[in-house]
Structures are given as C-alpha cells and as structure tokens.
Amino acid sequence: MAPWKALPEHLDPQAGRLVDRLRRLKDATGLSFTALATRTSYSRSSWERYLNGRKLPPADAVTELAVLAGADPDRMLALHTLAAQTWTGPQPKGAAAPGTSGAEPEPTEPEPETEPGAVPEAAAAPAPAPAPAPAEPDTPAAVPPVLIGEPDVPAEPVRARPARRTLLAAGGALVVVAAVLAVVVTLVLPGRGSAGAGEEEHRRTATEEFAFEPDRTYDCDIHRFEGRLYAGHSDTQDALLQQISTTWEVVEAQCLLEHRGYRIGGIDGAYGPATERAVKRLQDKEGLVVDGIMGPHTWEALRR
C-alpha cells in the first residue's frame, strides 16, 4: 500500500491526530478509495480530501469508517469533536448533519440557508428600535409638576411627628420592662436556689478548652440538677475514660469521686492509676463490671 502524503502544516495536533487515526483505520480495512466510496455514503474525492487533511470529515463519515474497521465509533467521535474545535482548514457545515446516502456532503456546504436567513433575522433585530421609549424618564417635565404643584408638602412631616414620638415612647417602655425583668431574674432566681436546700440548681459546665497542666488543680462546684450530681466541668453521661485520658470529663469524674469519698489525691484532669483505682472501688460497690473504665453505667452510678 502506497505511503501517505505528509499532512498540511496548518493542521494543529488535534486535527493531525484525527486524520492519522482515520488513515490507520482505512489501512486496516484494506480498501482502496474507490472501494471505500462504494461501502460508505461518501465519494472517492471526499475521502481523499478527508484523509489528506484538506477538509474536516463529517461525524457520520468518521462513524462509518470506524464501523468498517471494527473500531470504537465513540472514541473516534471524541477525537473528531476535539479536532473540530481547532480545525484551521475548510470546515463544511454540512458535515454536522450528513445523511445523504451515496452523495458527498460538500454540495450542501455552500448553501447553508441558515446564513442567508440569519441576515434578515439580524436585520429584524433592530426592529424593536422603539427602544427610545426609555428616553421618556429623561424628560424633566415629569418631576417638576410633583414638586412644584404641592406647596403643602411640609404638612405631612408635621403629622408624622406624633407617630414617631409614640413609637419612641413605646420603645422606651419596652426597654424599661426588659430591664426590670432582668433585675427580677438576677435577684429572685439565685435567692430561690439558696433559700431552698432541697431545690435543684442549674448545671454549670466549663466553657474553655481543656489543656492539661501537671501542676494545676481544679475546684469542684458540686450541685444537683434534675436529680443528678454535677461538678461544674462537664455534663456528659457516657464519655469513655481510661488511663491517659486528659479532658474536662476526667476533672468532672474526679470531683464526683472525691465528693463520694473515693480519694484520688488531686483534681488535675489526668486519668491516672489513682483515678482508675477509685473508679474500680465505685464499680465494685455498685455491682458493676470492675474494669476501671468510666462508661455510661459508671457515670449513672457516679451522678446519683
């Protein structure tokens, strides 16, 4: 089979890749240009132009050649799409809509009726030239009548003043009421919590992020809320704690253990051997699994 001619220099790499792949497919079929024309919908001269890089082949021509060579048409169409985006040679628009069997699509290229029709449409576009209508707002005559024709305009702000004063007065009253309620809440609620020894206090928990410091110890704020004991550092009910843990939950557990008489030596937030032994004693007394690990059941027993 004769060697192929060199591709035109104006072809970019994507277009060259498509043409080269089409040439290899034709070689795989073993068909001549004449035989290829009889097996497809495109003429011999069309195939010569396509395979010599002088014209972008239509998508249908790419598909038909791929089918003849037993190649994947979708992969070839993907190459065709990339080549069409950068093709610098003649691009027949008829290639996008081939379907004429036995006739090459070129004749349809010079007569893209859409282009002649597009000119009238483009010309028709200026038809909505009545766009000058927006110029109407530019006429100053529309504004002066409103401004000049009503000398009593000051009367409206005068009538609006009493309403503003009423709103300001109502707002001031609401501020006073809110302040009174705030005072009542701050004075009455603490009094109720301290007056009734059997009444429960609100939970208080630590808000800062825990950072272990070996020489630091923490105070315990033991109080009861909804029937449970809290120490002011965490409200957890199921945090899993064991040796090496250093969290606010450990501080909470240490405070409650000390409060219940299980001595650990110091409230430092580190779950060490002393804390583990105290937890085991609590678990043994409460009939729990003695593993030295704080879990939901141990927390429940600790907060009673």
Side-chain angles (χ1 to χ4, degrees), residues 164 166-304:
R164 292 174 185 169
T166 303
L167 291 175
L168 289 175
L174 289 175
V175 171
V176 172
V177 172
V180 172
L181 289 175
V183 172
V184 171
V185 169
T186 55
L187 295 179
V188 175
L189 290 182
R192 288 176 53 189
S194 59
E199 295 184 1
E200 298 175 340
E201 300 179 3
H202 291 285
R203 283 182 294 177
R204 297 182 290 278
T205 59
T207 56
E208 63 182 17
E209 184 178 353
F210 183 82
F212 176 69
E213 301 175 24
D215 299 329
R216 181 178 178 182
T217 58
Y218 298 90
D219 296 328
C220 300
D221 179 18
I222 303 297
H223 57 281
R224 193 170 285 279
F225 177 73
E226 294 183 352
R228 297 177 183 272
L229 278 179
Y230 293 90
H233 299 288
S234 173
D235 60 358
T236 182
Q237 306 291 334
D238 53 10
L240 292 176
L241 306 177
Q242 54 189 340
Q243 285 209 45
I244 308 179
S245 298
T246 54
T247 62
W248 283 118
E249 285 74 18
V250 175
V251 178
E252 179 81 3
Q254 289 175 334
C255 285
L256 297 180
L257 287 167
E258 284 279 353
H259 176 71
R260 289 187 169 277
Y262 301 98
R263 303 303 175 190
I264 58 175
I267 312 299
D268 58 2
Y271 200 103
T275 303
E276 185 181 75
R277 287 193 296 269
V279 170
K280 285 182 177 180
R281 292 197 300 272
L282 170 67
Q283 292 172 333
D284 183 58
K285 181 180 177 180
E286 296 293 335
L288 302 173
V289 175
V290 181
D291 55 6
I293 299 176
M294 285 291 301
H297 298 298
T298 307
W299 278 111
E300 182 179 358
L302 194 57
R303 292 196 184 278
R304 290 177 187 160

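Positions are given from 1 along the sequence. What you are looking at is a predicted structure, and each value in this text was computed from that prediction instead of being measured.
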E208 meets the side chain to side chain contact (heavy atoms under 4.5 Å, CB included) criterion, sequence neighbours left out, with R216, W248
Can you give the donor-acceptor pairs under 3.5 Å from side chains of residues 291-298 to other protein atoms, not counting sequence neighbours?
unit_1, atom_1, unit_2, atom_2, d
D291, OD1, Q283, NE2, 3.0
D291, OD1, I293, N, 3.0
T298, OG1, Q283, NE2, 3.1

Here the gap from F210 atom CZ to Y218 atom OH, rounded to the nearest 0.5 Å, amounts to 4.0 Å
Output for pair (E258 CD, T275 OG1), nearest 0.5 Å, gives 9.0 Å
With sequence neighbours left out, the residues meeting side chain to side chain donor-acceptor pair (under 3.5 Å) with E213 are none
Nearest heavy-atom contact between Q242 and S245 is O-OG, 2.9 Å
Sorted by chain and residue number, the salt bridge (charged side-chain N to carboxylate O under 4.0 Å, His left out) partners of E300 (sequence neighbours excluded) come out as none
Of all heavy-atom pairs linking A301 and E286, the shortest is CB-CG, 3.7 Å
Contacts satisfying disulfide bond (SG atoms under 2.5 Å apart) that involve residues 256-302 (not counting sequence neighbours) are none
Rounded to the nearest 0.5 Å, the CD1 atom of I267 sits from the CD atom of E252 at a distance of 10.5 Å
Side-chain contact, heavy-atom cut-off 4.5 Å: D268 with T246? no
So the disulfide bond (SG atoms under 2.5 Å apart) pairs with at least one residue in residues 218-262 (sequence neighbours excluded) are C220-C255
In this structure, CD of Q237 is separated from CG of L302 (nearest 0.5 Å) by 10.5 Å
| task | Before giving the answer on side-chain contact (heavy atoms from CB on, under 4.5 Å), spell out for V279 and Y271 the whole-Å C-alpha distance, their side-chain angles and the decisive distance to 0.1 Å. | result | CA-CA 10 Å; V279 170; Y271 200 103; 3.3 Å; yes
Applying side chain to side chain contact (heavy atoms under 4.5 Å, CB included) to A278 and not counting sequence neighbours gives L257, Y262, I264, R281
Disulfide bond (SG atoms under 2.5 Å apart) pairs touching residues 271-304, sequence neighbours excluded, are none
Taken to the nearest 0.5 Å, the spacing of H233 NE2 from L256 CG works out to 9.0 Å
Residues 261-304 vs disulfide bond (SG atoms under 2.5 Å apart), sequence neighbours excluded, gives none
Sequence neighbours excluded, the answer for side chain to side chain contact (heavy atoms under 4.5 Å, CB included) partners of T236 is S234, D238, A239, E249, W299, R303
Across all chains, not counting sequence neighbours, the side chain to side chain donor-acceptor pair (under 3.5 Å) partners of Q243 are E276
